[in-house]
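The block underneath contains the structure these notes are about, expressed in structure tokens.
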Amino acid sequence: MFTEQGPTVRELAVQALSSIERGYDLLAPKFDHTPYRTPDRVLDAVTDEVRRLGPFDTGLDVCCGTGAGVGVLRRLCRERVVGVDFSAGMLAEARAAFPPEGERPAEEGPAEEAPAVDWVRADARSLPFAPAFDLALSFGAFGHFLPAERFGLFAEVHGSLRPGGQFVFPIGAPPPVGSRAYWTLLGFDAAMRVRNALWRPQFVMYYRTFRLGDVLEDLTRAGFAVRLTPLTELGRRPDGSPRARLVVATRE
């Protein structure tokens, strides 16, 4: 499915009937061959915008998966990068993709010594870090947290940042009401709610629960000062508004 290297329909069905952790353990070897992996153009747009906020010494990829965000941090940080995820399968794929030391690949920036890379298996709702990071980011993971868990997640990231540290992530504009994308996301979330009402363990993955207004409120409650920056590289909607923005949350 998706590509010849991607998961089959049967494999996706088994994943969908598993827990989040077990599902991602199963999907990990083929994850980068699915649309679930954050596109390179999004990674590049975020990299270009965040670079203006630096410099950074240490970075944290929250819910790192196979390490796409770690690749971004290796381009931005000078000393140390950490990827954290609760899926052992995802971390195994990430370790294989990113060597712990050596020169930074040419596509990641100037030819110089890359920052050290570490991998930690942990739940993002209980991060095992002291305030040690200048920069934290996350890509594509927030749908796995229920709205009631969001404030706690943000508080954990806040506690992992040094004063003045920044938590950044892209957030897309909602699709127009009545559009094909609108009905697709609505249908997916409805199907997921039915699945979770009828089947255990639950697999939490919702596309319509991460609303900008609620997100900004929870970030502020967690102790962040928040601003938004348009990601102009990702284009604009017909009304001129950006298709995506970068949320920049600073620990005061």
Side-chain angles (χ1 to χ4, degrees), residues 1-3 5-6 31-56 59 61-77 97 105-110 135-145 147 150 154 157 166-190 192 205-220 224-250:
M1 190 173 183
F2 308 125
T3 69
Q5 296 79 32
F31 180 79
D32 287 347
H33 299 288
T34 73
Y36 306 130
R37 194 261 193 190
T38 303
D40 286 341
R41 65 189 186 92
V42 175
L43 301 174
D44 291 342
V46 170
T47 301
D48 291 344
E49 194 61 43
V50 175
R51 184 174 283 118
R52 301 186 180 99
L53 308 176
F56 307 102
D61 183 1
V62 180
C63 305
C64 66
T66 55
V70 166
V72 170
L73 291 171
R74 275 165 53 101
R75 298 160 69 178
L76 298 170
C77 297
E107 65 271 16
E108 292 186 0
L135 175 64
L137 51 70
S138 191
F139 291 97
F142 296 123
H144 293 303
F145 299 92
R150 191 168 49 229
F154 292 162
V157 177
Q166 297 175 90
F167 178 32
V168 303
F169 52 87
I171 187 166
V177 175
S179 66
R180 180 177 180 181
Y182 173 88
W183 291 114
T184 298
L185 298 182
L186 182 66
F188 180 93
D189 280 10
M192 185 61 69
M205 179 66 245
Y206 298 112
Y207 284 103
R208 288 165 44 83
T209 58
F210 200 70
R211 298 183 178 91
L212 180 59
D214 298 333
V215 169
L216 299 181
E217 180 180 348
D218 285 340
L219 285 167
T220 302
F224 288 104
V226 190
R227 63 186 178 88
L228 300 174
T229 301
L231 292 170
T232 54
E233 292 180 39
L234 300 179
R236 294 187 176 274
R237 302 201 296 177
D239 64 1
S241 62
R243 294 189 180 279
R245 292 179 171 89
L246 184 71
V247 176
V248 180
T250 304

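Note that CZ of R150 and CZ of F210 are 6.5 Å apart. Values are rounded to the nearest 0.5 Å. Here the CD1-CZ distance, from I171 to R245, works out to 9.5 Å after rounding to the nearest 0.5 Å. With rounding to the nearest 0.5 Å, the separation of CG in L231 from CG in D44 is 11.5 Å. With values rounded to the nearest 0.5 angstrom, R52 atom CZ is found 10.5 Å from L246 atom CG. Taking CE from M205 and CZ from F188, the interatomic distance works out to 6.0 Å, rounded to the nearest 0.5 Å. Taking CG from D189 and OG1 from T184, the interatomic distance works out to 11.0 Å, rounded to the nearest 0.5 Å.
Shown here for T47 and L76, the closest heavy-atom pair between the two residues is O-CD2, 3.8 Å. Of all non-hydrogen atoms in L73 and D61, the two that sit nearest each other are CD1-N, 3.5 Å. When all heavy atoms are compared, the tightest approach of G240 to R236 is O-NH1, 2.8 Å. For the pair C77 and L135, the tightest heavy-atom approach, listed with the atom from each and the gap, is SG-CD2, 4.5 Å. For A249 against L219, the heavy-atom pair with the smallest separation is CB-CD2, 4.2 Å. The shortest non-hydrogen separation linking A181 to P175 is CB-CB, 3.7 Å.
Residues L212 and L228 form a side-chain contact, since some pair of their non-hydrogen atoms from C-beta on lies under 4.5 Å apart. The side-chain heavy atoms of V50 and L137, taken from C-beta on, include no pair separated by under 4.5 Å. A heavy-atom distance below 4.5 Å is not found between the side chains of M192 and Y207. You'll find the side chain of Y182 stays beyond 4.5 Å of the side chain of P176, heavy atoms only. A heavy-atom distance below 4.5 Å is not found between the side chains of F169 and V157. By the 4.5 Å heavy-atom criterion applied to side chains, P170 and V42 are counted as neighbours. In this structure, the side chains of V46 and F139 come closer than 4.5 Å at one or more pairs of heavy atoms.
Judged purely by atom type and a 3.5 angstrom limit, T209 has no side-chain atom pairing as donor or acceptor with the backbone of P147. Put simply, the side chain of S241 never gets that close to the backbone of R237: no donor and acceptor are under 3.5 Å apart.
For D40, the salt bridge (Lys or Arg N to Asp or Glu O under 4.0 Å) test picks out R37, with sequence neighbours left out. Remark: D48 engages R51 in a salt bridge (Lys or Arg N to Asp or Glu O under 4.0 Å) (not counting sequence neighbours).
The aromatic rings of F167 and F224 lie tilted to each other, with the angle between the two planes from 30° to 60°. Note: F142 and F154 have perpendicular aromatic rings, judged against thresholds of 30 and 60 degrees for the angle between ring planes.
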